[in-house]
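To find a chain, count down the sequence lines: A is the first, B the second, and so on, and within it residues start at 1.
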Amino acid sequence: MNYKEYKGLDYAQVGKDILQFWKDNQIFEKSVEVREGAPSFTFYEGPPSANGTPGIHHVMARTIKDIFCRYKTLRGYQVKRKGGWDTHGLPIELQVEKELGIKKDDIGIKISIEDYNKKCREAVMRFTDQWLTMTEKMGYWVDMDDPYVTYKNDYIESLWWLLKQLYDKNLLYKGYTIQPYSPAAGTGLSSHELNMPGTYKEVKDTTVVAQFKVKLTGKSGYLFDTADSDDIYILAWTTTPWTLPANSALTVGAAIDYVLIKTFNPYTHLPINVILAKDLVGKYFSEKGKDVDLSTYKEGDKVIPWKVLLEFKGEHLEDIQYEQLLPYIQPLQDEDKAFRVILGDFVTTEDGTGVVHTSPTFGADDFRVAKANGVPPIMVRDENGKDVPIVDKQGRFVKEMGEFGGRFVKEEYYSDQVRNEPDFKPTDVLIAIKLKEENKAFKVEKYEHPYPHCWRTDKPVLYYPLDSWFIATTKLKDRLVELNKTINWNPESTGTGRFGNWLENLVDWNLSRSRYWGTPLPIWRTESGEEICIGSVEELTSELKKAVESGALSDEQRAKNEAFLQSQGTEAFDLHRPYVDEIFLVSASGKVMYREPDLIDVWFDSGAMPYAQFHFPFENLDKYPKSMGGTADDDAKTSFPADFISEGVDQTRGWFFTLHAIAGLLFDSVSFKNVVSTGLVLDKNGNKMSKRLGNAVDPFSTIDTYGPDATRWYMITNAEPWDNLKFNIDGIAEVQRKFFGTLFNTYNFYALYANLDGYSIEQFDRLPKEKLTELDRWIISKVFSLVKEVGEHFDNYNPTKAGRAIQDFVCDHLSNWYVRLCRRRFWQGEMTDDKRAAYQTLQHCLAAVAQLMSPIAPFFGDWLYRNLTEHVREESIAKNTPFKHTSVHFTDWHTYEPSWVDADLEESMQLAQDICSLVHSLRKAHRIKVRQPLTKVLIPVLNEKIRQQIEHVAPIIMTEVNVKSVEFVSDDSGILKKKIKPNFKALGPKYGPKMKEVAGIINGLGAEGIAEIEKEGSLVVAGFTLLRDDVEIIAEDVPGWLVASQGSLTVALDVTITDELRREGIARDVVNRIQNLRKDSGLEVTDKIKVTLQNNNEELAAAIVTNRDYICQEVQAVSLDLTADLNGSATEIEMDEFLLKIKLEVAS
RNA sequence: GGGCUUGUAGCUCAGGUGGUUAGAGCGCUACACUGAUAAUGUAGAGGUCCGAGGUUCGAGUCCUCGCAGGCCCA
């Protein structure tokens, strides 16, 4: 037996068997080895974190990655894929905190940092086994034997080197960012601390709508002209009046409508002109005062008159300057950039005035928008020469704040005793009073709103600038934007939109994290600001030694340094906290430098993997191009940049960004050329999967039940990768039944008959094209078209379209048309050229499909390939032919041979399929079953080309629909009835508005009109000149016949059933019954039989006699007898009009 | 609130550059076909192409504004 035959197929078992084969023979490793010396296709694995268990969405993401790596291997590239683990970061720390039942503050107190980090190190790799199992079972090929691990010293050393490069390029700096800060507790709060229950409380604050006086400049001239006054104010509302002295800008929305209103100040009663958002006018002005004569206003009037002078968009306010509201402190730099109107996207007209008072030191939005617009913050320089905000860390105004100096900005910071004094007034109120008196407040009122409080002290938090280390990504923003345009994003919108827009609005990357388990920032500083950035272990060692020798260290410091030096080369050597915190360096001026306590953002870890995975630049320089300091001779064989990466779309600002930023900043390069960002995997109702809700799909049981291939195939073909996938397990079952079931059946059919005939793959002695039937040449044309199409889809990173094309080919074309129509060729007669042609063709198709599908369904593809080719392996190896490979994953992509593609034939076959479908529907309508032969179908054809195309496939039509002949009626027969339709596409541009009229005329044309336009090529009707191309003419009817039409195709069927045809029909029925009986009796396909029928019907007898040979041949009978009386073992079977007794005996 | 994205049959999805009867598969109903058959064919039922405006002779497709879901940010 050349081919294995199967009774049924357990797809999960196929997965297991093939997996075992891969393991036993190191197929993955070899698939990389066979491409040694070939150009590389570089793939970066985005490292997962093994602190949680893998979910079905990981199978999805990894399938995408795997597909293109396998595809590119088939295309001749060497695809090395190094696995990796992401091991640092907040989620791990939180998990450990939870497990230990501690809070962040307990670290270093209840548990030493050393022990804590040890716990983290264990936790992070906890589910490694499950990850490895999932990876293996789903067939994701990635090198997990030698992965990069972000907590390893080598990895950290590479990161330090990168940070030092940034530092040396002045791209790493210490600045501040606005964070929730609790002055009472003296600490910043993380976002999750603010998410704790009870932190947001309703408070009543004194709020102020302040008047910012506009300066007369060229930009603001139009306002002054309209108002005819110098007193023009922009109104801005704040719930934190204490931040007003720090105001240095006003932010408006470019597209928001604003108005200029003439009115009076309600406190000073002075005439003023104010600017605010149009939508919010009603909040501050009563309808009664509208357009009331302003000259009638007197102090004390309840209704204040007002009048809209002008309406305009926010963009017209940009760059208008105003006078500083509370001029205690001036900006330390860029004074000319302060106190002007800027545009921001966060401005709303929900409350306030549609103008946002902007103090860069006390609001995150404010900070960001000010930075983007070059607006300086209001800060003071302290005794150390350091710039600090106007509120100190205890929450008090600095001394430069005049009468407010030393006051707490929030009344809650005062002791109860002070607050209970009769004269006590909160700072906000004092500021409000001052503004009222100075004609700078338009409205002061109490306002109740939620405000975050510190969970430990119960006091309100401040948004406050805290020190952080930043990467100056904004300095190279334009270059990052440019580089991004060279990346092939899939889908494109993620690149141009989500990512591109974000790059346009980039802010500096805040690198600092005040945590414990992560890569330490390699910067040491003296208290006075001398600092050093360390770029390698070697440099650290030498600085350490210098420090020890300097004599500037205390004994304890020196001892700790020495302890660290001692650890080098031992297991204990560790670049994490707390060990690095216990290193003390000495500055050039001889002062002790302490490590900056921050860790760096874990995203830097993963973004640095292109370098750190190979310990660049300390090792493996040959993997990197010379342009970045590597030593590779050939840039086509380097490991940088990546040709392809893929992760979830939620990584856009995560890994995708950090990869891009580091490569752009340091190497002026992209770090990936093609990227597929994948959508989410939701449950079947479109809800997010979560373990808590119990709707998460377990990848292990899914794979165990349906096998990896059906799981992968379903996920890929159901929705494009970037769309969200509604994961329905029934869909996998359907894919398994429909696609894999059909393909398996097709293989099994081939194997069954090829084995019977002793047919083996003929690799050399192939029949020439002329010996093949139309059907053979058609399916081969189809398979080459498929090869091209699938290749293009994979090249375009669209696996969904590739998979769907393969599926359509297998189900619709190969199985349902080619095999179905060719079955007789396989099961009848001796080995003729025709039969060989059928085997060769089917074998070719199956082998092609095995390869094309293998990137998506790697197990089944290999299973199919191996079943098809195993018996010719040795011969193939000896003769060096394509089937020499033991796995489909080593093969070279199927060559596309255009000479085999016959578009004409593909069209013909489409016509045949359409015609058969029409004939079937006619038979159905007239209740004539297909087993009943009919004389002919008549097909009206209006041109010669169609006629020829149908003639080619006429025999196929005849067998398929059981008619004796296909005939054509041509135009000149004169019996066709034609229909004319307007061709809108052609007519549209010509007639435009007159379309309807013209269409009406065309639809009303009679036979003469149609005849004339066909003959003359044009027709003049009602003043319109119609050309042949302006209309479609189709044959619609053949009078006197049964017709059916679809599009321009019409068929007519002769339904006359003669006696002869009726007998033939009966004979076919008999064949059918006998075949069923054979099958029920468990006979083998090859068994010969003797048949005896009871002769109880005239028609039957006549039918048998006339068609005896035909029946015998069909049912493999050596004899067919009719007897008058059949008793005993006969089976009674129902025919259409009578009962039939049949007896079958196996002929010896 | 912003950026991106999705909305077509009960379900999952197709529907270049606008062209007049909007398709497929699954599911349902009926009838056929079948020595690869847990497959297949034909027919039927099933649609306000999310809504409202607009552009156009003509809109599922283009524009504007909404509604609903999703992701990422604030």
Side-chain angles (χ1 to χ4, degrees), chain A residues 5 8 253 344-350 364-365 368 491 493-502 504-505 648-654 677 679-680 682 684-688 714 717-720 722-726 728 730-731 733-738 741-742 744-753 800-801 804 807-808 811-812 815-817 819-820 823 826-827 916-925 927-931 960-962 981-999 1047 1071-1072 1074-1076 1078-1079 1083-1086 1114-1116:
Chain A
E5 293 172 32
D345 57 12
F346 57 89
V347 181
T348 71
T349 55
E350 304 239 310
D365 274 334
R368 183 170 55 84
S493 60
T494 301
T496 55
R498 194 184 271 231
F499 195 64
N501 290 349
W502 188 60
E504 296 280 356
N505 297 304
V649 67
D650 52 343
Q651 294 292 325
T652 309
R653 295 176 191 190
S677 79
L680 265 68
L682 308 169
K684 65 178 174 181
N685 299 317
N687 300 315
K688 215 170 170 168
Y714 163 72
T717 56
N718 192 56
E720 291 187 320
W722 32 88
D723 286 337
N724 290 349
L725 171 68
K726 289 186 198 164
N728 188 345
D730 297 341
E734 187 186 326
V735 156
Q736 187 181 80
R737 217 176 50 235
K738 206 170 145 47
T742 306
F744 162 70
N745 277 331
T746 307
Y747 165 77
N748 225 20
F749 170 83
Y750 170 83
L752 179 70
Y753 287 100
T800 306
K801 286 189 170 159
R804 286 176 179 171
Q807 189 165 312
D808 288 348
C811 295
D812 297 345
S815 167
N816 222 351
W817 196 248
V819 173
R820 194 156 58 81
R823 272 176 303 193
F826 291 92
W827 80 58
C916 289
S917 159
L918 286 170
V919 173
H920 275 131
S921 80
L922 281 172
R923 280 181 169 275
K924 160 80 188 164
R927 305 192 150 275
I928 303 167
K929 49 182 167 184
V930 181
R931 240 182 262 129
E960 177 65 7
V961 298
N962 200 11
K981 283 196 333 196
N983 176 357
F984 286 95
K985 208 164 186 172
L987 289 166
K990 282 190 208 168
Y991 295 107
K994 291 179 177 168
M995 250 337 265
K996 276 188 180 139
E997 195 187 337
V998 177
V1071 168
N1072 168 252
I1074 297 174
Q1075 295 285 41
N1076 287 343
R1078 277 189 64 128
K1079 210 173 166 185
L1083 295 181
E1084 291 299 317
V1085 182
T1086 45
E1114 287 294 303
V1115 303
Q1116 311 272 310

> Roughly how many Å is it from CD in A:Glu734 to P in B:U12, rounded to a whole number?
Replying inline: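 After rounding, the reported distance stands at 12 Å.
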> Between atom CG in A:Leu918 and atom C1' in B:A43, what is the gap in whole Å?
Replying inline: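 Taking CG of A:Leu918 and C1' of B:A43, I get 13 Å after rounding.
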>> What's the separation between atom CG in A:Asn718 and atom CG in A:Asn728, rounded to the nearest 0.5 Å?
In response: 8.5 Å
>> What I want to check is whether an N or O donor and acceptor connect the side chain of A:Arg804 with the base of B:C13 at under 3.5 Å.
In response: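 Looking at the base of B:C13, it does not pair with any donor or acceptor on the side chain of A:Arg804 (distance under 3.5 Å).
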> Within the modelled atom types, does a donor on one side and an acceptor on the other bring the side chain of A:Ser815 and the base of B:A36 under 3.5 Å apart?
Replying inline: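 Such a pair exists between side chain and base.
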OP1 or OP2 of [N] sitting under 4.0 Å from any side-chain N/O of [X]?
X	N	answer
A:Asn718	B:U12	no
A:Asn816	B:G41	yes
A:Tyr750	B:A36	no
A:Arg823	B:A36	yes

> Among B:A74, B:A36, B:G25, which is the nearest nucleotide to the side chain of A:Asp365?
Replying inline: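 Of the candidates, B:A74 comes closest.
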>> Testing the basics here: between A:Pro491 and A:Trp722, what is the closest heavy-atom pair and its distance to 0.1 Å?
In response: CD-CB, 3.3 Å
>> Students often get this wrong, so: under 4.0 angstrom with heavy atoms, is A:Ser493 touching a base, only sugar-phosphate, or nothing?
In response: sugar-phosphate
> For B:U40, what is the paired nucleotide under Watson-Crick or G-U wobble rules, both distances under 3.5 Å?
Replying inline: B:A32
> Looking only at atom P, what distance separates B:U12 and B:C4, rounded to whole Å?
Replying inline: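 That atom pair is separated by 26 Å.
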> Using the C1' atom in both, what is the distance from B:U8 to B:U61, to the nearest Å?
Replying inline: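 Looking at atom C1' only, B:U8 and B:U61 are 12 Å apart.
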